[in-house]
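Contents: one structure, followed by commentary.
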Amino acid sequence: MPADGGIGAPNKRREDVRFLTGKGKYTDDLNRPGQAHVIFVRSQVAHGNLTAVNTDEAAAMPGVIRIFTGADFAEVGGLPCGWQVTDRHGEPMQEPAHPVLAQGKVRHVGDAIAAVVAETADQARDAAEAVEVEIDELPAVVDMKAALAADAPKVHDDLSSNLCYDWGFVEENKAAVEEAFANAAHVTTLELVNNRLIANPMEPRVAIGDYDAAGGDSTLYTTSQNPHVIRLLMGAFVLGIPEHKLRVVAPDVGGGFGSKIFHYAEEAFCTFAAKALERPVKWTSTRSEAFITDAHGRDHVTTIQLALDADNNFTAIRTDTHANMGAYLSTFAPSVPTWLHGTLMAGNYRTPLIYVNVKAVFTNTVPVDAYRGAGRPEATFQLERVIDKAARELGVDPIALRRQNFITEFPYATPVAVEYDTGNYVATMDKLEEIADLAGFDARRAESAAKGKLRGLGVNCYIEACGIAPSNLVGQLGARAGLYESATVRVNATGGLVVMTGSHSHGQGHETAFPQVVADMIGIDPSMVEIVHGDTANTPMGMGTYGSRSLAVGGSAMVRATEKIIAKAKKIAAHLMEAAEGDIELKDGQFSVAGTDKSVAWGDVTLAAYVPHNYPLEDIEPGLEETAFYDPANFTYPAGAYACEVEVDPDTGKVTIERFSAADDFGNIVNPMIVDGQVHGGLGQGIGQALLEHAVYDEDGQLLSGSYMDYAMPRADDVPFYTVDHSCQTPCTHNPLGVKGCGEAGAIGSPPAVVNAVVDALRSAGHDVTHIDMPLSPHRVWQAMQA
Amino acid sequence: MYEFDIEKPSTIDEAVAALASDEAQALGGGQTLIPTLKQRLAAPGVLVSLGGIDALKGIRPEGDTLVIGAGTCHADVAADGTIPALSALAAGIGDPAVRNRGTIGGSLANNDPSACYPAGVLGLGATVVTNQREIGAGDFFTGLFETALEDGEIITAVKLPRPEAAAYVKFEQPASRFALVGVFVSRTGTEVRVAVTGASEDGVFRWTEAEAALSANFAPDALDGMSPDGDMISDIHGSAEYRAHLVAVLTKRAVAAC
Ligand SMILES: Cc1cc2nc3c(=O)[nH]c(=O)nc-3n(C[C@H](O)[C@H](O)[C@H](O)COP(=O)(O)OP(=O)(O)OC[C@H]3O[C@@H](n4cnc5c(N)ncnc54)[C@H](O)[C@@H]3O)c2cc1C
């Protein structure tokens, strides 16, 4: 551990002091003077024509200021989609309108119909109950395959069908893939469901719109992972407010897991209403509302096939996936089953030919978008499950089959468009075998058997593409945004620094990790560096936090800006010491002249920059502040190997996780304690998906798991003590920190390990089980044993 | 929540008087009622809090019977230990906050088909005491969320005979952690009672066939091949068939634990 608390030090998270003592400042903690409250009237049916919205009685109720309906938004823009996917035939996806308040039709339970603004939230709630809504109910489409039938009811009447797009990747490989399958010695086929999830961050969403009539300035306070993106999308596409007249502030954010990336109707509504009423307007989601308005995650139905030659080498992969978009296109929804999923189908293996087909489908359900891992968990799950199944069919060891097909030479160009810069999958698997004590498994299985329990072992690998993303590449793929990140480093006269970043923490510990990077470069204590984020008024344009990008992209921007600072500071130091600039060295916060004992301290230089009495004013400006934008050259490719051991109760089907080990390669590590925490959290969510979580709709489009009474979140006693290791490090070759990102790995890599383990346990007792769909509830596991 | 008034009587008589109004509803620990109010699923005009009535609190033995005041919280029953199976049942309800607020009276009056106490009370052959009468457990639970209580009648205590042996085995619904199925078995002499919660469309019930089999031979394998009749609940957490299976498994486990 570095003594100076710089890169590599497990510094405690400084933000936790306020989080753990109840002093965090979340959006709901903010209240603007004169603020009114809004409650939304939401559809209770999944699909129907809106024939009347009568607000007369409600409008006369105490405290009501104004009731808005769809008519007020007829001329207002809809929520934009940030990614356009082009289908197999070169046509753009079908892109329906996404109004702020329903226009003539409701399309999912929770769709907003009217908005009641009143003096207090309770008054608004009372009046909302008095709004009379008439809906001619239409049959709902919930099942994706049924939604594509010729006679299926259409979610959007103006589209040709419920098909958003039919995407093929790599389309040019299709014929070659078919041929490889025709020539295969063995083909393994697996059908599976990647269960629909709800992110459920601890903090529900909140939005406060504020308007300063004197200056014509709008401000939105919101629970967001990327305030600049919200400012751009809402300002440019929905409300027509130029960015210099719109400020978006996201203070402390209590978790997001993706669900707070997107631009939501409530944000646009509050900003719009604040201007219309010239009063701040606040909305705080209830937990029940969150279930039916926060974007959901996953929800793929897939058939995957793996072709092998006679020596068990993988020769081709073919997949056929239906991906649920829900009723509207959420901000980044189209990218998730395509570019964040198809590009990962090579996994850690040499498979020369891959073809991925994805049909994205509209249904009368809540929109689905990125959720921790976004596309990559879906890819990993299919691949690692089908490999396990192939190993069983072929009678070979699943680890050996993986090892045999590992990519071992880097850089490696996959057949699915991406190039892995570096990795060492053999090393992570070796490490896993060691930390998971796989050699001791048989003994542990015997112990479990003595207790009447079936023990199973599941092992798998994963790869992910993080640090998103090169702007020119994603632009070609349909992104309507660049994916650089920015940093402004402001050095104060007395030597302290403020780093303003466009990325934004929603719990990741940026305020601790980022200072380690900057302080390390200068050789000062991290306590001299403060992070500012989450406010478009005082941070440079940035793209926010998701896709494990903040350190890899945002941290790299900080490195670039700090390099500029150091370069300038060296010039000043050279002047102060009357030496040549090229001879100046910076170490431990001291500038010295090479080969002499002359030196000046960091603080002397920063002071000179702001009190330029003795200063080379003819050469350089005073002040010490630099900005850098960093656009990554490639994705980063964290990878690892995971092992899960379960016990299954043969009488009830209940699964308990007895051991879970994770060997990850995240490249260089800035703060190992934070990395541990990120892996733990990701594993918890992955185990949650594998065993517990499921958003279930009935055929009428009612969400059956619409509260914690029926939606099972993982709790502390659902997860074991983890063994995590990140000592295998192949640094990223193209960013200055050599980091790869660690935020999603746990959630990506763990579901297949759990399912592989349960299948192994059941098979060990003679059950001819090849797959069980997640979540592996006791009921489902028991049913599998009855078959 | 809708607005309501709150009354805080200190005696049972005052509480009964306050509950005479149509608009009034008793408030026990509030662990079921308050969430219901928050979701605006109930709109009582007056809440009559039973929390300040000392006569409703406490646990005391009366001969072979244990008398638990209706206002006693789950944590106190868990700590008592006179009937270990009942204390274990109480210890397995919810979380510490729920156990320190929720009361046995509130749980019984609510008669949630997945709640634990109804199984304990029926499985011990207890008597529910109200401000008006004593009701045998077999007559008290009348269906899902239904009891023999009349409007304005409150539970004051529960009288529980101490069994020679008893055990409660709960299989948790993964999300709510209420009982997906819970089975309470008690034995005194050759009298065996098997009460099942969580499983039936009719709420808590006695599995009489199992009782008969166990009276003859109090051993898990006396139940081999048996499963309960009747309509079992089927939902996203388990089919009717699965619940029927669990009833048999858990009953055997409870017998083994007696
Ligand atoms: C997170 C959570 C987990 C839980 N888990 C479980 C579990 O695993 N198993 C389980 O069994 N329960 C569980 N519960 C329910 C808990 O046991 C409640 O405490 C109980 O069901 C209601 O008791 P209460 O005193 O809180 O009643 P209240 O919520 O105050 O009232 C419930 C109903 O009973 C009526 N009532 C209250 N007291 C009386 C009385 N003396 N006479 C007549 N009517 C009365 C009220 O009018 C109301 O209709 C859980 C609750 C929560 C919040």
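Worth knowing before you read on, the calculation uses all heavy atoms, side chains too, and leaves out hydrogens, waters and symmetry mates. As the structure is a prediction and not an experimental result, all values here were calculated from the model. Here is how names work: the chains are called A, B, and so on, in the same order as the sequence lines, proteins then strands, and each is numbered from 1.
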- Message: Can you tell me if B:Asp22 has over 12 outside heavy atoms packed within less than 6.0 Å of its CG?
- Response: no
- Query: Got a sec: does the CZ of B:Arg253 have more than 12 other heavy atoms crowding it under 6.0 Å?
  - Reply: yes
- Message: Tell me if the CD atom of A:Glu119 is crowded by more than 12 foreign heavy atoms within 6.0 Å.
- Response: yes
- Item | Portion of A:Asp698 that has a non-hydrogen atom of chain B nearer than 4.5 angstrom | neither
- Query: With a cut-off of 6.0 Å (strictly less than), are more than 12 heavy atoms of other residues, nucleotides or ligands near CD of B:Glu201?
  - Reply: yes
- Of the listed residues (B:Ala248, B:Ala175, B:Pro174), which shares the most heavy-atom pairs with chain A below a 4.5 Å separation? B:Ala175
- Determine whether more than 12 heavy atoms belonging to other residues, nucleotides or ligands lie under 6.0 Å from atom NZ of A:Lys453. yes
- Item | Any donor-acceptor N/O pair, B:His245 side chain to A:Thr652 backbone, under 3.5 Å | no
- Query: Would one find more than 12 heavy atoms of other residues, nucleotides or ligands at under 6.0 Å from atom CG of B:Asn217?
  - Reply: yes
- If you tally heavy-atom pairs under 4.5 Å between each of A:Lys654, A:His694, A:Arg715 and chain B, the highest tally belongs to A:Arg715
- Task: Inspect the surroundings of CG in A:Asp717 and state if more than 12 heavy atoms from other residues, nucleotides or ligands are less than 6.0 Å away.
- Result: yes
- Using non-hydrogen atoms only, which part of B:Phe171 is less than 4.5 Å away from chain A: side chain, backbone, both, or neither? side chain
- Note on the structure: When the 4.5 angstrom heavy-atom criterion is applied to A:Met709 and chain B, the contacting part is both
- Query: Who wins among B:Lys252, B:Arg177, B:Gln173, B:Glu3 for the most heavy-atom pairs under 4.5 Å with chain A?
  - Reply: B:Arg177
- Item | Atom of B:Arg40, atom of A:Asp126 and distance for their closest heavy-atom approach | NH2-OD1, 2.7 Å
- Query: Non-hydrogen atoms of chain A under 4.5 Å away: do they reach the side chain of B:Arg243, the backbone, both or neither?
  - Reply: neither
- Taking a cut-off of under 4.5 angstrom between non-hydrogen atoms, the residues of residues 774-787 of chain A near chain B are A:Pro778, A:His779, A:Trp782
